[in-house]
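Order of the sequence lines fixes the chain letters, A, B, ..., with proteins taken first and strands second; residue numbering starts at 1 for each chain. No hydrogens, no waters, no symmetry mates; every other heavy atom, side chains included, goes into these values.
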2 protein chains.
Amino acid sequence: MKIAVDAMGGDHAPKAIVEGVMQARDEFEDVTFLLYGDEKAIREHLKDESRTQIVHTLEKITSEDEPVRAIRRKKEASMVLAAKAVKEKEADAMFSAGNTGALLAAGLFIVGRMPFIERPGLMATLPTFDEKALGFDFIDLGANADNKPEHLNDFATLASQYAKSVRQIEAPRVGLLNNGTEETKGNELTKAAFELLKENPHIHFIGNVEARDLLQGAADVVVADGYTGNAVLKSIEGTGVAFTNVLKSSIMESGLMGKLGAVLLKDTLKGLKTKMDYSTYGGAVLAGLKAPVVKTHGSTGPDAVFYTIRQIRKMLQSHVIDELMSASQTSSHE
Amino acid sequence: MKIAVDAMGGDHAPKAIVEGVMQARDEFEDVTFLLYGDEKAIREHLKDESRTQIVHTLEKITSEDEPVRAIRRKKEASMVLAAKAVKEKEADAMFSAGNTGALLAAGLFIVGRMPFIERPGLMATLPTFDEKALGFDFIDLGANADNKPEHLNDFATLASQYAKSVRQIEAPRVGLLNNGTEETKGNELTKAAFELLKENPHIHFIGNVEARDLLQGAADVVVADGYTGNAVLKSIEGTGVAFTNVLKSSIMESGLMGKLGAVLLKDTLKGLKTKMDYSTYGGAVLAGLKAPVVKTHGSTGPDAVFYTIRQIRKMLQSHVIDELMSASQTSSHE
């Protein structure tokens, strides 16, 4: 399998990207890479060229670029060329740590939507802290600002198949994010979506779930419109950061005994960080496209790049896209 | 000033409620109380009857009751009688720890809306962990499921006046919760609300704020529709709980040294809990009514009841409702 990599996207590109790719290449013998970007800069971090081909380009999309315009005008940008490689079947999937909006646009306008999927959704696996700790797939994290009930129904099908094929969860429990667990709860959008989800033959729908229960494993797949999903994701992230900062500053302000305590607890606090970290699940998938298009945080290091490549490989191995293609062909709004 | 208290609402009623009221009565000499509920049960926790009058009723609204129906049918319920006391000006404000939906209904249908306010919003002060640590007023936390842009504009006026009058913040920075900080970001609702907020003469609008920055003090007042506000509040709460549980279990799983470290850090961890606790700010205000109607968590203890009474007293002292009445009379959709 061949993965097209935008080597120039992200705060630490191309170093972090190329180092992560090298890790993945050495681990997975069945994967080859096409690296798009500044050949000279890429070569500085390349161990050797085994199963790795560089496609040189100096143009790139920055975090300040207006997404759709950038995709249309910067025709030689590393991200655009990587997406074109997928469209022209020179590559099976695409990776980027660059401008999220631009990647969404590249996915939509270059790689292309699955038939019957009107609106792709951005999906990531977040951690859960219940006993099973399987994590949950959360969609849409912000690919859309306004969604119709039918979109939420598609998101459920897409993320459920991902949970089955890639995360090997047999009958993923699909929950609708809502402001109460009772069937009658919700706004106009979620009430209408509830009715569609109930009848969706491709999923195991368990009803409404509340934002406060997500990290406790309330569902294996959680569906929301892009605006709300984005707000909830950012709330979880922001609260995690705030809590960590308060813990740190409380320790700094504590007396000698407190500081000694923190030293003794060092390994525990490190373990805590590992448990909260969800980069091992990989990046955010733009679900609903004809091929895997996956994004990691711009601030990402080589390890997160490696995990995301591993995730893309799992997606290709599991044929999740083929499964989705056949599911979407029999979906309710055919 | 006289406060009508629903003594039977909440998981620990009437004990926690009456104990909290006794604390507040002894602290604030200018406040008298009307306690609605089972006289015999209330008397068990009453120290003495100074500035406290019991209005006996055996009917009460439970957490299982359907809100609007309960308000209409249970005409002698403690919550309904307390609301009627406010409507008939026997009391200046109302407190309850009972069924939130029923209290919203009692506020709307018995106490009544301010003129020009179409939809009241539920507002609470949440903590911030920046240097100033002033907290922020977050509205609407779920009084509404679907909102129009005009409602968000009213929420801004209501919460901003509260921040000024009750929390003594001179020119509260009002932010619109959105999926990006740029002016062009948002869904249909927030884009339209942005235009109204820009022109609102009663507020100091600072633009869009993202959910991840709320706890860092991004704004003094944060405005959202009730569906999203509810989801963000529950995400913050859920993440806080998850983080605390993971910290606890990590410590339990750690070796002897780790456990010793936790003992030495005990005071620090307690201080952490205090910093995260926002019950000292009081309860959730149903903003937009003709009088203060304030709610605390059903699981609340006497201290949170005390803090909420203190908050209601501040609202009455500051004449925030009168200020709001005059602000709403000159509001843009007069």
Side-chain angles (χ1 to χ4, degrees), chain A residues 128-129 142 144-146 177-180 185-191 210-216 224-228 230-247 249-251 253-255 257-269 271-272 275-276, chain B residues 128-129 142 144-146 177-180 185-191 210-216 224-228 230-247 249-251 253-255 257-269 271-272 275-276:
Chain A
T128 53
F129 303 112
N144 304 280
D146 289 285
L177 185 77
N178 216 333
N179 58 1
K185 286 277 180 174
N187 57 13
E188 284 173 23
L189 173 67
T190 56
K191 281 181 186 170
E210 289 198 88
R212 77 156 63 85
D213 302 321
L214 301 186
L215 300 183
Q216 307 298 338
D225 68 281
Y227 177 80
T228 310
N230 189 266
V232 167
L233 175 71
K234 286 174 179 166
S235 302
I236 292 173
E237 288 179 347
T239 308
V241 169
F243 200 107
T244 310
N245 289 346
V246 174
L247 182 60
S249 68
S250 295
I251 289 172
E253 289 160 15
S254 69
M257 284 304 177
K259 279 184 191 129
L260 178 62
V263 171
L264 294 173
L265 261 180
K266 205 177 162 191
D267 289 344
T268 305
L269 296 177
L272 182 68
K275 279 186 193 169
M276 308 292 287
Chain B
T128 52
F129 303 112
N144 304 279
D146 289 285
L177 185 77
N178 216 333
N179 58 1
K185 285 278 181 174
N187 57 15
E188 284 174 23
L189 174 67
T190 56
K191 281 180 187 172
E210 289 199 86
R212 77 155 66 83
D213 302 321
L214 301 186
L215 300 183
Q216 307 298 337
D225 68 282
Y227 177 80
T228 310
N230 189 266
V232 167
L233 175 71
K234 286 174 179 166
S235 301
I236 292 173
E237 288 179 348
T239 308
V241 169
F243 201 107
T244 311
N245 290 345
V246 173
L247 182 62
S249 68
S250 294
I251 289 172
E253 289 161 13
S254 69
M257 284 304 176
K259 279 183 189 130
L260 178 60
V263 171
L264 294 174
L265 261 180
K266 205 176 161 189
D267 288 344
T268 304
L269 296 177
L272 182 67
K275 280 186 193 169
M276 308 293 288

Colleague: Taking all atoms of both residues into account, what is the closest heavy-atom pair of A:T239 and B:G240, and its distance?
Modeller: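 Minimum heavy-atom contact is CG2-N, 4.0 Å.
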Colleague: Check whether A:E237 gets within reach of chain B through its side chain, its backbone, both or neither, counting any heavy atom under 4.5 Å.
Modeller: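 Side chain only.
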Colleague: Please report the shortest heavy-atom distance between B:A145 and A:N187, naming the atom on each side.
Modeller: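 Shortest heavy-atom contact: O-CB, 3.2 Å.
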Colleague: Can you tell me which portion of A:I251 sits under 4.5 Å from chain B's heavy atoms? Options are side chain, backbone, both or neither.
Modeller: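 Its backbone and side chain both get close to chain B.
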Colleague: Can you tell me which of A:S235, A:G180, A:A262 forms the most heavy-atom pairs within a distance under 4.5 Å of chain B?
Modeller: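 Heavy-atom pair counts peak at A:S235.
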Colleague: Within this structure, what is the CG-CG distance for the pair A:L260 and B:L260, rounded to the nearest 0.5 Å?
Modeller: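 Here the rounded value is 7.0 Å.
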Colleague: Looking at A:N178, A:L177, A:L189, A:N144, which has the largest count of heavy-atom pairs under 4.5 Å with chain B?
Modeller: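 So the answer, after comparing A:N178, A:L177, A:L189, A:N144, is A:N178.
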Colleague: Could you tell me which portion of A:N230 (side chain, backbone, both or neither) has an atom closer than 4.5 angstrom to a non-hydrogen atom of chain B?
Modeller: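 Side chain only.
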Colleague: Run the ring pair (Phe, Tyr, Trp, His ring centres under 6.0 Å) test against B:Y227 and tell me which residues pass, sequence neighbours left out.
Modeller: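 Listed in chain order: nothing, the list is empty.
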Colleague: Output all residues satisfying side chain to side chain contact (heavy atoms under 4.5 Å, CB included) with A:Q216, sequence neighbours left out; order by chain, then residue number.
Modeller: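 So A:Q216 forms a side chain to side chain contact (heavy atoms under 4.5 Å, CB included) with B:V241, B:A242, B:N245.
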Colleague: Where on A:T244 is there a heavy atom nearer than 4.5 Å to chain B: the side chain, the backbone, both, or neither?
Modeller: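 Looking at A:T244, backbone and side chain both touch chain B.
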Colleague: Give, for atom CG of B:N179 and atom NZ of A:K234, the distance between the pair rounded to the nearest 0.5 Å.
Modeller: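 Output value for this atom pair is 6.0 Å.
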